[in-house]
*Asks:* 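I'd like to ask some things about the structure below.
By convention in this document, chain letters (A, B, ...) are assigned in the order of the sequence lines, proteins followed by strands, and residues within each chain are numbered from 1. Note that the coordinates shown come from a computational prediction; the quantities given were computed from them, not determined experimentally.
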Amino acid sequence: IAGITQAPTSQILAAGRRMTLRCTQDMRHNAMYWYRQDLGLGLRLIHYSNTAGTTGKGEVPDGYSVSRANTDDFPLTLASAVPSQTSVYFCASSDATLPRNEQFFGPGTRLTVL
Amino acid sequence: GENVEQHPSTLSVQEGDSAVIKCTYSDSASNYFPWYKQELGKGPQLIIDIRSNVGEKKDQRIAVTLNKTAKHFSLHITETQPEDSAVYFCAASKGMDTGRRALTFGSGTRLQVQP
């Protein structure tokens, strides 16, 4: 069982380019999340999805979009990348039907926008 | 929205000593407080959590305490070992709707255990 995977591992991107970060989980979790991690700021929620077909905005959603066509996949798209989106991006999933909302994190994608 | 503050940002201890990391939260409706450990190059991993109806929880060398009145909670690691070296994050969440149950993280504490 792989758990939760992300691709690519790292990417250098020119400003203005479009980029999709991929996230797949095989735990059949209903909830999925995207966070960005910046030094000194911890992890901040970008977007989340309660279940397939639904999405919601987190703390820092501007410049990002997500889709949840099925249970397993939750891609994050940067329509036109800017240098301030340089960060490490983590995808997570959880079984939100349980009282203990333990989130399982992927290994992260390190994105540099030049 | 919720705001979680975490201190200290860095902590260095000698092997065998105890380490304490403290967090405060702003929203009195928060009712779930997990702690995550992040090793270099990896995603965070849950190590212990506590719900608001409990004041203390212990798991081997790790314990968490919660003071609802003061809105702060702490992570205690006893008999520290070099493999405890990592970045630790506290977090808080509330409610049953997944959006509201999404975690608000503290800024992290880099713990270094000196052999």
Side-chain angles (χ1 to χ4, degrees), chain A residues 2-6 9-10 21 23 25 29-61 66 68 71 74 88-110, chain B residues 1-10 21 23-27 30-54 57 59 64 75 86-110:
Chain A
I4 185 163
T5 59
Q6 294 183 236
T9 302
S10 65
L21 308 184
C23 175
Q25 54 105 358
H29 285 165
N30 56 339
M32 298 188 74
Y33 315 83
W34 273 105
Y35 294 89
R36 60 177 288 172
Q37 184 175 29
D38 302 293
L39 191 64
L41 294 175
L43 292 98
R44 292 181 291 170
L45 183 67
I46 305 171
H47 285 287
Y48 66 91
S49 169
N50 290 347
T51 188
T54 68
T55 62
K57 294 182 179 180
E59 179 185 356
V60 288
V66 292
R68 187 89 183 275
T71 297
F74 191 42
V88 181
Y89 291 85
F90 288 98
C91 180
S93 71
S94 70
D95 182 350
T97 63
L98 299 176
R100 186 193 204 199
N101 189 27
E102 179 177 358
Q103 295 189 16
F104 295 83
F105 285 80
T109 293
R110 183 175 295 276
Chain B
E2 175 67 278
N3 182 50
V4 178
E5 294 191 356
Q6 183 172 347
H7 301 281
S9 57
T10 61
I21 303 170
C23 289
T24 60
Y25 61 99
S26 61
D27 192 334
S30 289
N31 56 17
Y32 175 66
F33 307 93
W35 286 87
Y36 283 78
K37 176 183 180 181
Q38 185 178 27
E39 297 178 339
L40 193 62
K42 297 183 179 180
Q45 185 172 9
L46 181 72
I47 55 171
I48 194 168
D49 55 7
I50 191 168
R51 302 192 66 83
S52 58
N53 58 348
V54 175
K57 184 177 179 181
D59 183 3
V64 58
L75 177 71
V87 179
Y88 292 81
F89 291 97
C90 62
S93 74
K94 60 184 179 183
M96 291 301 293
D97 172 76
T98 301
R100 298 180 68 202
R101 293 178 73 197
L103 299 171
T104 300
F105 283 87
S107 54
T109 296
R110 182 173 298 278

*Asks:* Identify which one of A/Arg44, A/Gln103, A/His47 satisfies the side chain to side chain donor-acceptor pair (under 3.5 Å) criterion when paired with A/Tyr35.
*Replies:*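 By the side chain to side chain donor-acceptor pair (under 3.5 Å) criterion, A/Tyr35 pairs with just one of A/Arg44, A/Gln103, A/His47: A/Gln103.
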*Asks:* Name the region of B/Gln38, side chain, backbone, both or neither, that has any atom closer than 4.5 Å to a heavy atom of chain A.
*Replies:*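 For B/Gln38, the contact with chain A is made by the side chain alone.
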*Asks:* What is the distance from atom OH of A/Tyr33 to atom CG of A/Asn50, rounded to the nearest 0.5 Å?
*Replies:* 7.5 Å
*Asks:* Under the rule for ring pair (Phe, Tyr, Trp, His ring centres under 6.0 Å), what residues qualify as partners of B/Tyr88, not counting sequence neighbours?
*Replies:*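 In terms of ring pair (Phe, Tyr, Trp, His ring centres under 6.0 Å), with neighbours along the sequence ignored, B/Tyr88 is linked to no residue.
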*Asks:* Which atoms of A/Gln6 are under 4.5 Å from chain B, going by heavy atoms: the side chain, the backbone, both sets, or neither?
*Replies:* neither
*Asks:* Which atoms of B/Pro44 are under 4.5 Å from chain A, going by heavy atoms: the side chain, the backbone, both sets, or neither?
*Replies:*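 It is both, since atoms from each part get that close.
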*Asks:* Output the option from B/Gly41, B/Gly43, B/Ser9 having the highest count of non-hydrogen pairs under 4.5 Å with chain A.
*Replies:* B/Gly43
*Asks:* Restricting to ring pair (Phe, Tyr, Trp, His ring centres under 6.0 Å), what partner residues turn up for B/Phe89, sequence neighbours left out?
*Replies:* none
*Asks:* For the interface with chain B, which of A/Thr51, A/Leu43, A/Asp38 has the highest count of heavy-atom pairs at distances below 4.5 Å?
*Replies:*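 Highest number of heavy-atom pairs under 4.5 Å: A/Leu43.
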*Asks:* Hey, are the side chains of B/Ser26 and B/Glu2 touching, using non-hydrogen atoms and a 4.5 Å cut-off?
*Replies:* yes
